[in-house]
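Here the structure is laid out as structure tokens; the discussion comes afterwards.
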Amino acid sequence: MIKAIYGTKDILPEDILKWTHLENLVRNVMGSFNYKEIRTPVFEETRLFARGIGEATDIVSKEMYTFNDRSDNSVTLKPEMTAAVVRSFIEHKMDKKQMLNKMFYISPMFRQERPQAGRLRQFHQFGAEALGSDSPQLDAEMIIMPYDIITSLGLKNIVVKINSLGVPESRENYKNVLKDYLAPHLNDLSEESRKRFETNILRIFDSKAENDQKIMEDAPLLIEHLDNASLEHFEGVKRTLLEAGIPFEIDPKLVRGLDYYTHTTFEIVSGSVGSQSALCGGGRYNLLVEQLGGKPAPGIGFAAGIERILLACENEESLKLPDDSLDLFVVDINRDNAELVSKLSLFFRRKGLTVEHDYAARSVKAQMREANRSNAKFTIMVGGDELERNEIVLKTMETGDQKSFNIDNLQSVFETMRG
RNA sequence: GUGGGUGUAGCUCAGUUGGUUAGAGCGUCUGGUUGUGGCCCAGAAGGCCGUGGGUUCAAAUCCCAUCACUCACCCCA
């Protein structure tokens, strides 16, 4: 049996309503903030991600689906969206068309990691990018939008965490402060953290090793070493969030893994999924556009994991899905009127109703059972004496009431069903 | 890449200290008279017991290997 590739999943018809429900919500909320959808190719030149995300990051160094195509060009299935959107922004000179470009996306992503709860090799994100402004109100928007979406789905068990990484200069100064603090403890740190002491010292805050955490508890914090402009920006973000009624925590240890972040970083985590608890993450990246060869432009964005959000919804049983059950089931009483049944169904389908009928000339009982099981609101019965009199029978399933109509007056049948 | 757990019907799972034709519930299909659903009743279909090897008179059951799935670490959405 050929099966779906390790770490990928079919989204089956029985689950699709959850997905379209979420996607519609995303489009509505993003639309209300005037974000326009962008769709980029699923694969890009490998160097886009290598340069954009950072060679040293886990994503680039060990998780990308990279392969050579038949022309021997190295291409990569997109592991995240920001680099691709920024590439498109630069390529299409969007900065010349308008000073602020607000875009959102819903798209599959690919990372070759070990799958677990809330993590797949092909997974799906929605997110947004805003390029061309460093207004703190935009930072806040990037938190408000996913927050509103997530809470609209009924999720309760969530926490919004924010932090600021400031600008590179103050971060470099801080790194030296942190180095001075950690140097005497170096031998007590875990091996991984000792490596990070050299490569990416900020990430030691992420360590889950107990002893590392104990050491980091008393470590000086980046937020205490921000320059004034960064602090003022951060204050602006916080004020806007408070005004928006978004509850948040400041997490000075929230250090995102991707190289391109500056200033604000944030995460929305859920207590209702497994250990992969981040439903959403993002931050400001004022240096990325330049780094990818564009004219310098500030940017900010977020990405949210659709599978994780839906998982949280399932665990909290929070989803209220729209009804997609049948309006009408057309029953063929004599089991020899397939064409007439098909024609009647078409009439109501073209009126916008969801209509089904049997295709196997099964017994009336079986057809009724199916109508019942598919939760049809009405059935129409075709055949027998009534048909000889040129009539059909409309039955209201909930009450069992039946009423005859002339077959040439389907419009009044429709109006009766619509109420 | 590193650990742990689990593989029996479409789904959820039973299956005694190894012992005859491998079970239940749910679901599916058919029927309980001639043209009517839900409840109830009856019946049917559907399993190389993940795969390969070994031990044994005998393996779903014990041993080994392998594959798959899954959770966690790492990291991230």
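Labels below follow one simple rule: chain letters A, B, ... track the order of the sequence lines, proteins then strands, and each chain is numbered from 1.
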Less than 3.5 Å between a donor and an acceptor, one on the side chain of A/Q112 and one on the base of B/G1, is that the case here?
-> no
Closest of B/A72, B/A77, B/G35 to the A/I333 side chain is B/G35
Test side chain to side chain donor-acceptor pair (under 3.5 Å) applied to A/T396 and A/Q402, step by step | CA-CA 6 Å; A/T396 307; A/Q402 301 192 175; over 6 Å; no
Nucleotide nearest A/N372 when distance is taken to its side chain, options B/A72, B/G38, B/U30 = B/G38
Length of the CG-P vector between A/N375 and B/G37, whole Å | 17 Å
May I ask you to say what A/R373 touches in the nucleic acid, namely base, sugar-phosphate or nothing, with a heavy-atom cut-off under 4.0 Å?
-> sugar-phosphate
Please state the C1' separation for the pair B/U16 and B/C62 - nearest whole angstrom.
-> 15 Å
Between CD1 of A/I106 and C1' of B/A77 the distance, given in whole Å, is 15 Å
Pairing partner (Watson-Crick or G-U wobble, both distances under 3.5 angstrom) of B/G1 = B/C73
Salt bridge (charged side-chain N to carboxylate O under 4.0 Å, His left out) partners of A/E141, counting only residues at least two apart | A/K102
According to the Watson-Crick and G-U wobble definitions, with both distances under 3.5 Å, which nucleotide is paired to B/C39?
-> none
For atom P, what is the distance between B/G25 and B/G35, given to the nearest Å?
-> 32 Å
Determine the interplanar angle of the A/H124 and A/W19 rings, folded into 0 to 90°, and report it as parallel if under 30°, tilted if 30 to 60°, perpendicular if over 60°.
-> perpendicular
Hey, does A/Q367 reach any base, or is it just sugar-phosphate, or nothing, if we go heavy atoms under 4.0 Å?
-> nothing
Please work out if A/L120 contacts a base, only the sugar-phosphate, or nothing of the nucleic acid, heavy-atom cut-off 4.0 Å.
-> base
With under 30° as parallel and over 60° as perpendicular, where do the rings of A/F110 and A/Y65 fit, or are they tilted in between?
-> perpendicular
Gap in Å between the two C1' atoms, one belonging to B/C67 and one to B/A24, rounded = 29 Å
Paired with B/A65: which nucleotide, if any, by Watson-Crick or G-U wobble criteria at under 3.5 Å for both distances?
-> B/U51
Non-hydrogen side-chain atoms of A/F329 and A/V331 separated by less than 4.5 Å | yes
Report which part of the nucleic acid A/G383 touches: base, sugar-phosphate, or nothing (heavy-atom distance under 4.0 Å, all strands).
-> nothing
Would you please test A/E386 and A/S404 for side chain to side chain donor-acceptor pair (under 3.5 Å) and show each step?
-> CA-CA 8 Å; A/E386 289 89 344; A/S404 294; 5.0 Å; no
A/R39, CZ: over 12 other non-hydrogen atoms inside 6.0 angstrom | no
Which part of the nucleic acid does A/M109 contact within heavy-atom distance under 4.0 Å: base, sugar-phosphate only, or nothing?
-> nothing
What about A/R369: does its side chain form a donor-acceptor pair under 3.5 Å with the base of B/U36?
-> no
For B/G46, what is the paired nucleotide under Watson-Crick or G-U wobble rules, both distances under 3.5 Å?
-> none
Under 4.0 angstrom, heavy atoms only, what part of the nucleic acid is A/D385 near: base, sugar-phosphate, or nothing?
-> base
Pairs: protein N or O with nucleotides 65-69 of chain B N or O, under 3.5 Å:
unit_1: B/A68; atom_1: O2'; unit_2: A/K3; atom_2: NZ; d: 3.0

Check if the side chain of A/K365 and the base of B/U36 share a donor-acceptor pair of N or O atoms closer than 3.5 Å.
-> no
Just checking A/G127: base, sugar-phosphate only, or nothing, at a heavy-atom cut-off of under 4.0 Å?
-> nothing
Polar side-chain contact A/R308-B/C76 base: donor and acceptor under 3.5 Å = yes
A/E129 vs A/Y105 side-chain heavy atoms within contact, under 4.5 Å = yes
Counting any heavy atom closer than 4.0 Å, what does A/E14 reach on the DNA or RNA strands: base, sugar-phosphate only, or nothing?
-> nothing
Listed nucleotide nearest any side-chain atom of A/K62, set B/A77, B/C74, B/C73 | B/C74
Between CG of A/L153 and P of B/A77 the distance, given in whole Å, is 19 Å
Between A/E44 and A/R87, is there a side-chain N and carboxylate O pair less than 4.0 Å apart?
-> yes
Quantified in whole Å, what is the P atom distance between nucleotide B/U61 and nucleotide B/G54?
-> 14 Å
Length of the line joining A/F123:CZ and B/C76:C1', which is rounded to integer Å | 8 Å
Check: B/U36 base within 3.5 Å donor-acceptor of A/Q402 side chain = yes
To the nearest angstrom, how far is A/R119 atom CZ from B/C71 atom P?
-> 11 Å
